[in-house]
Amino acid sequence: MDSLPLLADHPYASFLDQVEKPARYAGGEVGSVVKDWASVEARVCLAFPDVYDIGMSHLGFKILYKLLNDDPRTLAERCYAPWVDMEAQLVKRGLPLVSLESARPLRDFDVVGFSLQFELTYSNILTMLHLGGVPLRAADRGEDDPIVIAGGPTATHPEPIAPFLDAIVIGDGEEKATEVALTWTRLKREGVPRRERLVAIARLGAVYVPSLYATRRDPDTGFEVVDRPLVSGIPFPVERALVDLNRYPFPDESPAGGPEAIFDRMSIEIARGCTEGCRFCQAGMIYRPVRERDPEQIVDTVMRAVKKSGQDEVSLTALSTADVSCISPLIKKVTERLTAERISLGVSSLRAYGLEPDLLDELKRVRATGLTFAPEAGTQRMRDVVNKNVTEEQLLETAERVFSRGWGKMKLYFMIGLPTETDEDVRGIVETGARAAGAGRKAAGRGKPVDVTVSVSTHVPKPHTPFQWAAMDTLSEVARKQQLLRDTVRPYRAVTLKTHEAHASVLEGVFARGDRPLADVLERAWRSGARFDSWDDQLKLSVWEEAFAHAGVDRAKYLGTLPVTARLPWDHIDVGLEEGFLAREYRKALQNRLSPPCGKVAGTFVHHTNLEDARADERRLVCYDCGVACDMTQMREERLTFLDRLGAHKRSLPLVTGAIAAAPPEAAAPPEAAAAPEAAAPPEAAAGAAGEPARAGDAAPSRPEEAPGAAGGAPRAAGDAPRAARVPQGRGGFRYRFRFEKTGPVALLGHLDVVRELPRVLRRVGAPMTYTAGFHPKPDMTFSPALSLGVISLDEYVDLRLERDLDPAALEALVASMTAASPRGLVFRAAVKLGPEDPSVSKLIAGARYAIAFARSAIGGDAEATLAARCSAALSAASLPIRREIERLAKMVDVRQYLVRAEVGGPEVLSALARAGLAGDLVALDVEVDIRGSGAVKSSEVAAVIAGEPGGAPGAITPPPHRAVRLELFGRAAPAGSAAGERLSLLDLERARRVKAAPERAAPASLAADAG
């Protein structure tokens, strides 16, 4: 049942409470940009075909959003795939999918640009087009429909999705995004027909327009391949775009906040491309050559980004961060700047071998807690097959360095199903993990936790890689190998094995090597309910089985061995590799032969970490002729310049080159807990339209749990004289109490999201907080009681500690600046400085006042009289039981025990509703409830027992559609002769100091039952 609209003029306002994470659709985040549509030439919707939580972490999206919005001629807004519950609501109500910034349907934009990160998001693209009011197929779009474009790593093999796209950008998207958008809109204004506009777009270069090319059936494979252009003057093959990264600095500002993203940190791309040449890795092939960002630019970007976003984690990302030429001095320079700010640092794809031994110590200084590495294969033979230039000795050296420095966890990534793999290679995956755990136990010392997680995925042969011709393991073979892994790991208690569902990998393999006829399969599966196919709990295998059968498509032909001489469905896309290079690498793989990393001296695993060694080494850099034009002389000079700029002139410590002897695995080692939770590693998704790094096994730390409450103070030492004043809690600093409001989009955030946001606000305004003691220090904060999602509040409080002593004027200025640095709907109203004797907010809160608003039509008749009678009846009742369910567990709550006052609201309440953003013909209840350490009631429960109708089950009462606003939180002064006690403002410190907390309120109010 719909509630009163929470967001003014938003098409989803009345039902957002009914979907999971409603803030996904509300917008208003810090860093979001809302431009005047009339002021620009081209309007672009950046459409990410997965949920907000994932899309908000995407680097390519951030780059294009900043680039387009910085240009006065263009604007960019965002749209993410609606989760299944939101899609159901939109279909039910006949509403379109809209952008976050201006709530405009996708059909209203000039350009709708999709990010093609992963083949299993294709069904979501169809969902977004359909809900956005854009015809699914390019052939069905009219003159006024937007151009639908796409970019990203899977844009290099786009045929299964091609009939749904007007144009596809190949390679880096920084230059093409603006060029395509402006060309399209200018030609449209001039009256140029749609097809001629598409021809003009194709002639820009690095843009593939599928409708302008003919296809034919290849006799060797049966695949439908692109044969020739249908129009003169358009490229064939289509070559990729390549940009100089330093002409496009990585953005230091992007939308941040909202519901927590999957990888909730400020990620900074430090390089694009990779030197290593792993034969399974598509991103390593299609993003050549390696391009490194200027390290000075990186450091400056990191610090500006931390300031603007307020985030407490930074991740440096690249395909292989350890192979960035100046990575060691760069990490040291960044950690020097971040340590003082209490910002944690993660570094993706960072291996320990070959680096300066103190580098891991630098990471420990900024609270990094878990590290991830990718050996990929379990035996040296298989590592040679995939061209992973890592030896067993180096892996054990990695384990020794990690665990000897206090880490308790290490995660290793492997694959099964690689070409030429044997059962010995499969068992070697677990045995490698066990040997790493053995080396780690020896290095860590007795009793120290050592846990090695071995994560094993299924290899999917990808286009534009040497393995593009290789067969993919069948489902039965994958299942057999996974069971072999489970049998092998059983004796090794320090090794945790994780395997991945293979059905999705098979579907990925089909669409990775697929051709245009698969578009019919995709549309059939989508119309039958295929959504979020990369999510195990959403993948509908029966739907896909039926779609393949209906189209008469045999999946086996896409998954078997392909002839090296055959034309392939992606051969019309030129990613810069010379003809024959991939085939040579494939043949070398079948012969277990390595190719050395390019851009390094033969036999060198990492670059020199200082200028002295780099200048002394005059050996030639390896180039094995992949076809990408690399200037090795320029590359060498650039590296020297970077080291010089970072001040890395001399070696700080001698390099450790000796290998750690292999420690025998102990089969019956005792189970050991990790010292700290490990950060989740991102999926194996490759680079985006602007080159987001792939397979970044981020070593970023897990974020400390952010629960309300302050840490206890240190105990008094024996023999100390008794002190009259209370011992300050936490780590010192100065205590303050802030009053704030949550309206609009922020009312749709969960309590922990708000708790997470406040320290970010303070970082943005440069007001450093003090932290609690312990292994994972947290900002020292205590919040007022949590509210249910969607409950507006005009009176919230938080006690916190800042490092600075602020006078009243400075405090007032801080309050104003905090509002300016907050997401839309978070407004700070006042603050006071607390003394050592002032009780915390959790000790003072005794009750709350709510306005519960109903549409007059929902009550009917004389609404005021009806509600007045209901209030009188409720206050006269001995008990008001209601059924409360929490995580499927039900209990009965007596609302009457907490209900102090209930009456029909007058003009003051209606005025407060208007200030909270609620409008219309409303009638409201004005209620007051107790909040106790033992519990509280929700505003929805009060609305139910007063205005609701009993349901079928005992205590089940459904309230009419309503919206609650917390008007006031207060304490009680409890003067003599008063039954309930005189209400006390939480900012009235003079009176608050005289209040003694009742025993019942000993527990913090913030930990009581939901008081919303």
*asked:* Set out, in order, the CA-CA distance, both residues' side-chain angles and the distance that settles side chain to side chain contact (heavy atoms under 4.5 Å, CB included) for Lys778 and Met769, then state yes or no.
replied: CA-CA 10 Å; Lys778 297 174 289 189; Met769 301 180 66; over 6 Å; no

*Evaluate the side chain to side chain contact (heavy atoms under 4.5 Å, CB included) criterion for residues Met818 and Val765: first the C-alpha distance (whole Å), next the side-chain angles of each, then the deciding distance (0.1 Å), finally the verdict.*
CA-CA 6 Å; Met818 289 171 67; Val765 299; 4.1 Å; yes

*With side chain to side chain contact (heavy atoms under 4.5 Å, CB included) as the test, would you mind laying out the steps for Asp795 and Leu967 before giving the verdict?*
CA-CA 6 Å; Asp795 202 38; Leu967 301 176; over 6 Å; no

*asked:* Test side chain to side chain donor-acceptor pair (under 3.5 Å) on Tyr52 and Asp50; report intermediate values, then the result.
replied: CA-CA 7 Å; Tyr52 176 101; Asp50 214 322; over 6 Å; no

*Can you check side chain to side chain contact (heavy atoms under 4.5 Å, CB included) on Leu925 and Val942, steps first, answer last?*
CA-CA 10 Å; Leu925 294 175; Val942 176; 5.5 Å; no

*Which is it for Tyr25 and Trp83 under the ring-ring contact (aromatic ring centres under 6.0 Å, His included) test, yes or no, and what are the steps along the way?*
CA-CA 10 Å; Tyr25 314 101; Trp83 190 241; over 10 Å; no

*Asp144 and Arg107: salt bridge (Lys or Arg N to Asp or Glu O under 4.0 Å), yes or no, with the steps?*
CA-CA 9 Å; Asp144 292 329; Arg107 63 173 173 261; over 6 Å; no

*Go through Thr127 and Arg531 one step at a time and tell me if the side chain to side chain donor-acceptor pair (under 3.5 Å) criterion holds.*
CA-CA 8 Å; Thr127 300; Arg531 305 289 190 276; 3.1 Å; yes

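Remark: Leu867 CG to Asp926 CG distance equals 12.0 Å, nearest 0.5 Å. Leu758 contributes atom CG, which lies 7.0 Å from atom CZ of Phe740 (distance to the nearest 0.5 angstrom). Atom CD1 of Ile859 sits about 10.5 Å away from atom NE2 of His962, to the nearest 0.5 Å. Taken from OG in Ser32 to CG in Leu100, the straight-line distance is 8.5 Å, to the nearest 0.5 Å. Atom-to-atom distance recorded for Arg829:CZ and Arg739:CZ is 7.5 Å, nearest 0.5 angstrom. Put simply, CD1 on Ile845 and OG on Ser784 are 5.0 Å apart, with the number rounded to the nearest 0.5 Å.
Side chains of Leu984 and Phe970 form no contact here, defined as non-hydrogen atoms less than 4.5 Å apart. Using a 4.5 Å heavy-atom threshold, the side chains of Met781 and Pro759 count as touching. Taking the side chain as every heavy atom from C-beta outward, Leu969 and Glu796 approach each other to under 4.5 Å. The side-chain heavy atoms of Met56 and Ile54, taken from C-beta on, include no pair separated by under 4.5 Å. You'll find the side chain of Phe854 stays beyond 4.5 Å of the side chain of Leu922, heavy atoms only. Using a 4.5 Å cut-off on side-chain heavy atoms (C-beta onward), Leu97 and Pro82 make contact. Side-chain contact check for Tyr80 versus Met128: every heavy-atom pair is 4.5 Å or farther apart. Counting heavy atoms from C-beta on, the side chains of Leu844 and Ser842 never come closer than 4.5 Å.
Between Lys35 and Leu75, the closest heavy-atom pair is CD-CB, 3.8 Å. Taking each heavy atom of Lys938 and Arg884 in turn, the nearest pair found is N-NH2, 4.2 Å. The two residues Leu748 and Leu789 come nearest to each other via the heavy atoms O-CD1, 3.1 Å. Contact detail for Val746 and Leu826: the closest heavy-atom pair is CG2-N, 3.6 Å. Gly31 and Tyr65 get closest at one heavy-atom pair: O-CE2, 4.0 Å. When all heavy atoms of Lys833 and Leu989 are compared, the closest pair comes out as O-CD1, 3.3 Å.
Of the possible polar contacts, none joining the Glu77 side chain to the Leu46 backbone as a donor-acceptor pair under 3.5 Å is found. A distance-only check finds a donor-acceptor pair linking the side chain of Asp799 to the backbone of Val841 [under 3.5 Å]. The backbone N or O of Tyr898 sits nowhere less than 3.5 Å from a side-chain atom of Asp930 that would complete a donor-acceptor pair. The backbone N or O of Leu794 sits nowhere less than 3.5 Å from a side-chain atom of Lys742 that would complete a donor-acceptor pair. A distance-only check finds a donor-acceptor pair linking the side chain of Ser817 to the backbone of Leu814 [under 3.5 Å]. With hydrogens and angles disregarded, no donor-acceptor distance shorter than 3.5 Å links the side chain of Arg856 to the backbone of Ala863. Listed for the Ser822 side chain is no donor-acceptor partner under 3.5 Å among the backbone atoms of Val827. Ser985 contributes a side-chain N or O that, together with a main-chain N or O of Leu987, makes up a donor-acceptor pair within less than 3.5 Å. Panel note: side chain Asn69, backbone Val33; no donor-acceptor pair is recorded below 3.5 Å. Not a single donor-acceptor pair under 3.5 Å links the side chain of Gln538 to the backbone N or O of Trp535.
For Arg737 and Asp838, the salt-bridge test fails: no basic side-chain N is under 4.0 Å from an acidic carboxylate O. Using a 4.0 Å cut-off between charged side-chain N and carboxylate O, Glu982 and Arg991 make a salt bridge. Salt bridge annotation for Glu928-Arg972: present, with a cationic side-chain nitrogen under 4.0 angstrom from a carboxylate oxygen. Between Asp108 and Arg43, no side-chain nitrogen of the basic residue sits less than 4.0 Å from a carboxylate oxygen of the acidic one, so the salt-bridge criterion is not met. Under a 4.0 Å N-O distance rule, the pair Arg896/Asp894 does not qualify as a salt bridge. We find that Glu949 and Arg870 are joined by a salt bridge, their nearest charged nitrogen and carboxylate oxygen being less than 4.0 Å apart.
Residues meeting the side chain to side chain donor-acceptor pair (under 3.5 Å) test with Arg764, sequence neighbours left out: Glu757. A search for side chain to side chain donor-acceptor pair (under 3.5 Å) contacts involving Ser123 returns Asp533, not counting sequence neighbours.
Within 6.0 Å of atom CD in Glu20, more than 12 heavy atoms from other residues, nucleotides or ligands are found, so the atom counts as buried in its surroundings. A 6.0 Å sphere centred on CG of Asp36 holds more than 12 heavy atoms belonging to other residues, nucleotides or ligands.
A cation-pi arrangement is absent between Arg966 and Tyr850 under the rule of less than 6.0 angstrom and at most 45 degrees off the ring axis. Geometric assessment of Arg801 against the ring of Tyr736 yields a negative cation-pi assignment under the 6.0 Å and 45° thresholds. Cation-pi geometry between Arg78 and Phe48 is not met: the NZ or CZ atom fails to fall both under 6.0 Å from the ring centre and inside 45° of the normal.
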Which atom pairs, one a donor and one an acceptor, fall under 3.5 Å between side chains of residues 905-918 and the rest of the protein, sequence neighbours left out?
| unit_1 | atom_1 | unit_2 | atom_2 | d |
| --- | --- | --- | --- | --- |
| Glu908 | OE1 | Arg849 | NH2 | 3.3 |
| Glu908 | OE2 | Arg849 | NH1 | 3.3 |
| Arg915 | NH1 | Glu741 | OE2 | 2.6 |

